Colleague: 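Handing you a structure now.
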Amino acid sequence: MFASDEKWLPFYLETDPAKRLALLGGLPDGGSGEERSLRRALFDHRYRRAGKHFRADLGLLACLRLLDLRKKPLVSRREAEKTVRECLDLLGFMVVPEGDEAAEDALYWELRNTFLRYLETCHSENYSRKWFGLLKSSDREKAARAMSELWEMTHGIARLIRAEELREFDRMAGFLEKAGDDAYFSLGDREKEQYQAFLRTKEMG
């Protein structure tokens, strides 16, 4: 599971939506019509456009909402269930039929691309500023915060799903964890080692 033909890798490694759309339509030998239609359905579900201009990435919106849910000190089961369901819908889970391996592979890669784009935002100059935004954070501080936030919106949400016994989301929890981990691992060997060490500390905590 979670394999992708190499011809699709440029589409999933690119995070700019306009460039992704061009790749989706221009890849040579881009699989069957059904395969391309599935990936296009997930793409169209994720992005909101006005004409040729992309206005919103609902995947990033879901990431922020999941992160906010984890930051709340007290969350009722009803609120957790409602928020998780809405976010999983934004991430495309409701587009993919359960048990369809090709569809689930496409969903995994779209999720991974979503988390990869989120991690790109963590390199911006304004990310993780200190002292009311007056001081920049170091690269090390940015990386630490990015790892923490990614963990919260993937492993943290998976823990919440299991703790609240939201069994209808069990399958989806594994997708979040796997896609989030692999997105960070793809940043490079050093980053992979750092995140693996971070995951070990969270497991022991």
Side-chain angles (χ1 to χ4, degrees), residues 1-4 12-13 15 42 46 57-96 98 104-123 127-128 137 139-205:
M1 185 176 283
F2 304 144
S4 183
Y12 288 115
L13 294 178
T15 55
L42 286 167
R46 175 176 166 186
D57 183 340
L58 300 187
L60 291 185
L61 174 61
C63 288
L64 294 174
R65 289 192 62 192
L66 291 173
L67 186 59
D68 182 63
L69 179 64
R70 284 289 296 174
K71 288 181 177 180
K72 291 184 177 180
L74 293 173
V75 179
S76 68
R77 188 181 191 280
R78 175 178 292 184
E79 180 183 4
E81 183 176 8
K82 179 177 182 294
T83 303
V84 170
R85 178 179 286 106
E86 291 173 351
C87 289
L88 293 178
D89 182 28
L90 292 175
L91 289 168
F93 279 94
M94 309 314 174
V95 176
V96 173
E98 184 174 355
E104 290 184 343
D105 284 349
L107 173 62
Y108 156 79
W109 281 95
E110 194 64 37
L111 286 173
R112 179 168 161 170
N113 180 272
T114 299
F115 292 131
L116 191 60
R117 192 178 193 202
Y118 183 86
L119 290 170
E120 284 187 353
T121 69
C122 301
H123 294 294
Y127 179 72
S128 192
S137 294
D139 289 344
R140 185 173 182 177
E141 289 171 324
K142 287 182 179 180
R145 180 174 173 180
M147 287 189 290
S148 177
E149 290 182 348
L150 180 66
W151 186 92
E152 292 291 353
M153 66 181 69
T154 56
H155 289 271
I157 290 297
R159 285 191 180 185
L160 184 150
I161 288 172
R162 291 157 187 155
E164 295 293 340
E165 297 184 351
L166 304 177
R167 292 187 176 87
E168 65 176 301
F169 304 136
D170 278 347
R171 176 182 68 97
M172 304 170 187
F175 275 81
L176 292 175
E177 292 173 314
K178 174 67 173 169
D181 290 354
D182 289 345
Y184 206 96
F185 294 161
S186 72
L187 297 180
D189 292 339
R190 182 171 62 89
E191 288 82 357
K192 181 177 181 179
E193 290 180 3
Q194 290 174 339
Y195 196 55
Q196 286 175 328
F198 178 82
L199 291 174
R200 288 193 292 270
T201 63
K202 300 298 288 188
E203 289 171 2
M204 291 185 293

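What you see is a predicted model; the values in this text were computed from it and never measured.
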Colleague: Could you grab the distance from atom SG of Cys87 to atom CG of Leu58, nearest 0.5 Å is fine?
Modeller: 10.5 Å
Colleague: Could you state the interatomic distance from CG (Leu187) to NZ (Lys192), rounded to the nearest 0.5 Å?
Modeller: 12.0 Å
Colleague: Atom CG in Leu107, atom CZ in Phe93: separation rounded to 0.5 Å?
Modeller: 5.0 Å
Colleague: Ignoring hydrogens, what is the shortest heavy-atom contact between Phe115 and Ala179? Give both atom names and the distance.
Modeller: CD1-C, 3.8 Å
Colleague: Any idea which heavy atoms bring Ala80 and Leu160 closest together, and the distance?
Modeller: CB-CD2, 3.7 Å
Colleague: Any idea which heavy atoms bring Arg112 and Ala183 closest together, and the distance?
Modeller: O-CB, 3.7 Å
Colleague: List the residues meeting ring-ring contact (aromatic ring centres under 6.0 Å, His included) with Tyr184, not counting sequence neighbours, and say none if there are none.
Modeller: Tyr195
Colleague: Quick one: which residue pairs count as a salt bridge (Lys or Arg N to Asp or Glu O under 4.0 Å) with a foot in residues 87-96, not counting sequence neighbours?
Modeller: none
Colleague: Rounded to the nearest 0.5 Å, how far apart are CD of Gln194 and CD of Gln196?
Modeller: 11.0 Å
Colleague: Got a second to check how far Asp139's CG is from Cys122's SG, nearest 0.5 Å?
Modeller: 12.0 Å
Colleague: Any chance you could measure Ile157, atom CD1, to Leu69, atom CG, to the nearest 0.5 Å?
Modeller: 4.5 Å
Colleague: Which residues satisfy the side-chain hydrogen bond (donor to acceptor under 3.5 Å, both in side chains) test with Thr15, sequence neighbours excluded?
Modeller: Glu120
Colleague: For Ala62 and Leu90, work out which heavy atoms get closest and say how close.
Modeller: CB-CB, 3.9 Å
Colleague: Please list all pairs meeting salt bridge (Lys or Arg N to Asp or Glu O under 4.0 Å) that have one or both residues in residues 60-75, counting only residues at least two apart or in different chains.
Modeller: Arg65-Glu86, Arg70-Glu152, Lys72-Glu79
Colleague: Kindly list each side-chain donor-acceptor pair under 3.5 angstrom involving residues 165-177, sequence neighbours excluded, with atom names and distances?
Modeller:
| residue | atom | partner | partner atom | Å |
| --- | --- | --- | --- | --- |
| Glu168 | OE1 | Arg85 | NH2 | 3.1 |
| Glu168 | OE2 | Arg85 | NH2 | 2.5 |
| Arg171 | NH1 | Glu104 | OE2 | 2.9 |
| Glu177 | OE1 | Arg162 | NH2 | 3.2 |
| Glu177 | OE2 | His155 | ND1 | 3.3 |
| Glu177 | OE2 | Arg162 | NH1 | 3.2 |

Colleague: Can you sort out the partners of Arg46 under salt bridge (Lys or Arg N to Asp or Glu O under 4.0 Å), two or more places apart, ordered by chain and number?
Modeller: Asp57, Glu110
Colleague: Between Gly180 and Leu150, what is the shortest heavy-atom contact and its length?
Modeller: O-CD2, 3.4 Å
Colleague: Minimum heavy-atom separation for Met147 and Phe198, please, with both atom names.
Modeller: O-CE2, 3.6 Å
